[in-house]
Amino acid sequence: MAQKRVLIVGGGAIGLAIGWRLARAGCAAALFDRGRVGHSASWASAGMLSPLSEVQFEEEDLLHLGLKGLAVYPEFVSELEADTGCCVGYRRDGVLLVGITQDDLEYLKFRYRYQRDLGLSVAYLSGDEAREREPHLSAQVSAAVWCPGDHQVDNRHLVRALRKGLVAAGGEVFEEMGVDELLIDGTRVRGVRVGEEVFEGDTVVLASGCWSRLIPGLPDCARPPVRPVRGQIMRLAMTEDFALNTMVWYSRVATSTVAYLVPKDNGHLVLGATSEEMGFDEDVTAGGMFELLRAAWEVVPGVYDLPVVESLAGLRPGSRDDAPILGETPIEGLIMATGHYRKGILLTPLTALSIAEVILERRTPALIQPFGIDRFGL
Ligand SMILES: Cc1cc2nc3c(=O)[nH]c(=O)nc-3n(C[C@H](O)[C@H](O)[C@H](O)COP(=O)(O)OP(=O)(O)OC[C@H]3O[C@@H](n4cnc5c(N)ncnc54)[C@H](O)[C@@H]3O)c2cc1C
């Protein structure tokens, strides 16, 4: 049987993971990125795998997708690490959702009751109990919800390993080669154009993050409603005397600021993230950094003395309903893998496994059926 040729537009965590799974299954996978692969939202990310602590009211389908996404992580990571010899920093730290003021506590209790109603395994702690788990928490922290089932990965190691795995399995990676046009014959995809060059393929996967709707040649019926949502984030260097051992998440009700602190194996403490509707603006602003640092310092005062390693902003691919857009489209052979918003790293393995099934087995797994582009009635 002739080898299937799959073209992937976009080399973030999502496109790379799909490429790796397809290449190791024997597909001729070619991935195009207009810049360096893995250096957009997937680079800026904090790498939290936290469906329990991040559960949003009325988003139960998304919670189940996230829980399943977390469940498939360990095996995906072991296969990737075995294929590439790279360690991707998968850690089972757990998250402490913390509060200080009366308003924060009301919000924490409300969230806790909702998490319990959903059957999630979480525990309500006093401030002292929370400090037993994480001694660097401020004495001001008066209560916490402990979410032991939330994990994390080093997203930068992840994208490097995925690139290595894709190439090692025989896939092609074309960097600095942005797709200028999607080529469609009638109702069937034919390939892509990069500059003057045409690449033919049986299948094209659209995995261009927040830029996914901008690819020329996309017909309206397959133009995913995604937009950029800016996230500013910074990295501090932990010292020997100061190293967090859990992830900490603080929703500062007074200013609607969310700040989380995520310790990494290389000694970095990731401090994120703003959430701003600023179009494609990727500036880091003084105000953004100020809000993050103020909230982080209130719950973990020791951050005050830590050296700043890096500050950056990334653009999350937000969809109209904040859920990913996955699977087939009205154009035969054109597959969506975009719109992962705040959960793209969490959903990388599940997306790759599901999209590989769609392409290789011509079957859409039941779990991703609610997330097709057809739900938008385009
Ligand atoms: C600050 C921040 C913190 C986050 N924290 C978390 C977290 O803790 N946990 C979590 O699960 N998620 C988190 N996210 C969300 C997560 O990072 C994203 O959902 C995920 O990275 C999206 O991956 P992607 O591959 O779709 O997009 P991207 O990583 O943005 O990749 C898209 C790629 O497409 C390429 N591209 C665009 N146009 C073209 C074209 N025409 N031709 C070729 N290539 C093109 C781009 O160059 C880019 O490399 C965070 C995001 C941000 C910004």
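Counting starts at 1 for both ligands and their atoms, in listed order. Worth saying up front: this structure is predicted, and the values here are computed from it rather than measured.
Cluster annotation: Val205 and Met177 are assigned to distinct hydrophobic clusters (Ile/Leu/Val/Met/Phe/Trp/Tyr, side-chain heavy-atom contacts under 4.5 Å, transitive).
At a threshold of 4.0 Å, the pair Glu79-Arg24 counts as salt-bridged, since one of the basic side-chain nitrogens sits closer than that to a carboxylate oxygen. Salt-bridge annotation for Glu81 and Lys164: absent, with no side-chain N of the basic residue lying under 4.0 Å from a carboxylate O of the acidic one. The pair Glu54-Arg111 does not count as a salt bridge, with every side-chain nitrogen at least 4.0 angstrom from each carboxylate oxygen. Taking 4.0 Å as the cut-off between side-chain N and carboxylate O, Glu277 and Arg230 do not count as a salt-bridged pair. One finds a salt bridge joining Arg190 and Asp185 here, because a Lys/Arg side-chain nitrogen approaches an Asp/Glu carboxylate oxygen to under 4.0 Å.
Of the N or O atoms in Cys210, none lie within a sub-3.5 Å distance of an N or O in ligand 1. At least one N or O atom of Val179, backbone or side chain, sits closer than 3.5 Å to an N or O atom of ligand 1. Considering backbone and side-chain atoms together, Leu346 places an N or O closer than 3.5 Å to an N or O of ligand 1. The N/O atoms of Gly314, backbone and side chain alike, include none that comes under 3.5 Å of an N/O atom in ligand 1.
Between Ile215 and ligand 1 there is a heavy-atom distance shorter than 4.0 Å. For the ligand labelled ligand 1, residue Asp33 lies inside the 4.0 Å heavy-atom shell. In this structure, Tyr260 has a heavy atom closer than 4.0 Å to ligand 1.
When non-hydrogen atoms are compared, ligand 1 lies under 4.0 Å from the side chain of Pro317 (C-beta onward) but not from its backbone. Here Phe32 has backbone heavy atoms under 4.0 Å from ligand 1, and that is the only part of it that gets that close. When heavy-atom distances to ligand 1 are checked against a 4.0 Å cut-off, Gln232 has no atom that comes that close, whether in backbone or side chain. Of all the heavy atoms of Tyr341, the ones lying under 4.0 Å from any atom of ligand 1 belong exclusively to the backbone.
Listed for the Thr84 side chain is a donor-acceptor partner under 3.5 Å among the backbone atoms of Leu80. The backbone N or O of Val229 sits nowhere less than 3.5 Å from a side-chain atom of Tyr341 that would complete a donor-acceptor pair. Side chain of Asp104 to main chain of Thr101: a donor-acceptor pair is present (N/O by atom type, distance under 3.5 Å, no hydrogens or angles). The backbone N or O of Glu200 lies less than 3.5 Å from a partner atom in the side chain of Arg5, making a donor-acceptor pair. At distances below 3.5 Å, at least one donor-acceptor pair connects side-chain atoms of Glu134 with backbone N or O atoms of His136.
In this structure, the protein non-hydrogen atom closest to atom 20 (C) of ligand 1 is Gly344 CA, 3.8 Å. Among all non-hydrogen protein atoms, the one lying nearest atom 10 (C) of ligand 1 is Arg342 O, 3.1 Å. Scanning the protein heavy atoms around atom 27 (O) of ligand 1, the nearest turns out to be Gly209 CA, 3.6 Å. Ranking the protein heavy atoms by distance from atom 24 (P) of ligand 1 puts Ile14 CG1, 3.8 Å first.
The atoms of ligand 1 that sit less than 4.0 Å from any heavy atom of Met48 are 7 (C), 8 (O), 9 (N), 10 (C), 11 (O). For ligand 1 and Ala46, the ligand atoms under 4.0 Å from any heavy atom of the residue are 3 (C), 4 (C), 5 (N), 6 (C), 8 (O). Less than 4.0 angstrom separates some heavy atom of Arg316 from each of these atoms of ligand 1: 51 (C), 52 (C), 53 (C). Near Ala13, the atoms of ligand 1 lying under 4.0 angstrom from a non-hydrogen atom of the residue are 25 (O). Close approach of ligand 1 to Val9 is summarised as follows: ligand atoms under 4.0 Å from at least one heavy atom of the residue are 42 (N), 43 (C).
Of the candidates Arg34, Met234, Glu181, Glu54, the one placing a heavy atom closest to atom 38 (N) of ligand 1 is Arg34. When the heavy-atom distances from atom 1 (C) of ligand 1 to Ser208, Gly231, Gly272 are ranked, the shortest goes to Gly231. Residue Ala41 holds the heavy atom nearest to atom 17 (O) of ligand 1 of all those in Ala41, Pro51, Gly69. For atom 2 (C) of ligand 1, the nearest non-hydrogen atom from the set Gly178, Ser45, Gly11 comes from Ser45. Of all the listed residues (Gly12, Pro228, Ser42), Ser42 holds the heavy atom that lies closest to atom 23 (O) of ligand 1.
Residues Glu298 and Ser138 form no side-chain contact, since every pair of their non-hydrogen atoms from C-beta on lies 4.5 Å or further apart. Looking at Leu97 and Trp146, their side chains never come closer than 4.5 Å, going by heavy atoms from C-beta outward.
The side chain to side chain donor-acceptor pair (under 3.5 Å) check on Thr239 picks up nothing, with sequence neighbours excluded. Residues passing the side chain to side chain contact (heavy atoms under 4.5 Å, CB included) test with His64 are Leu67, sequence neighbours excluded.
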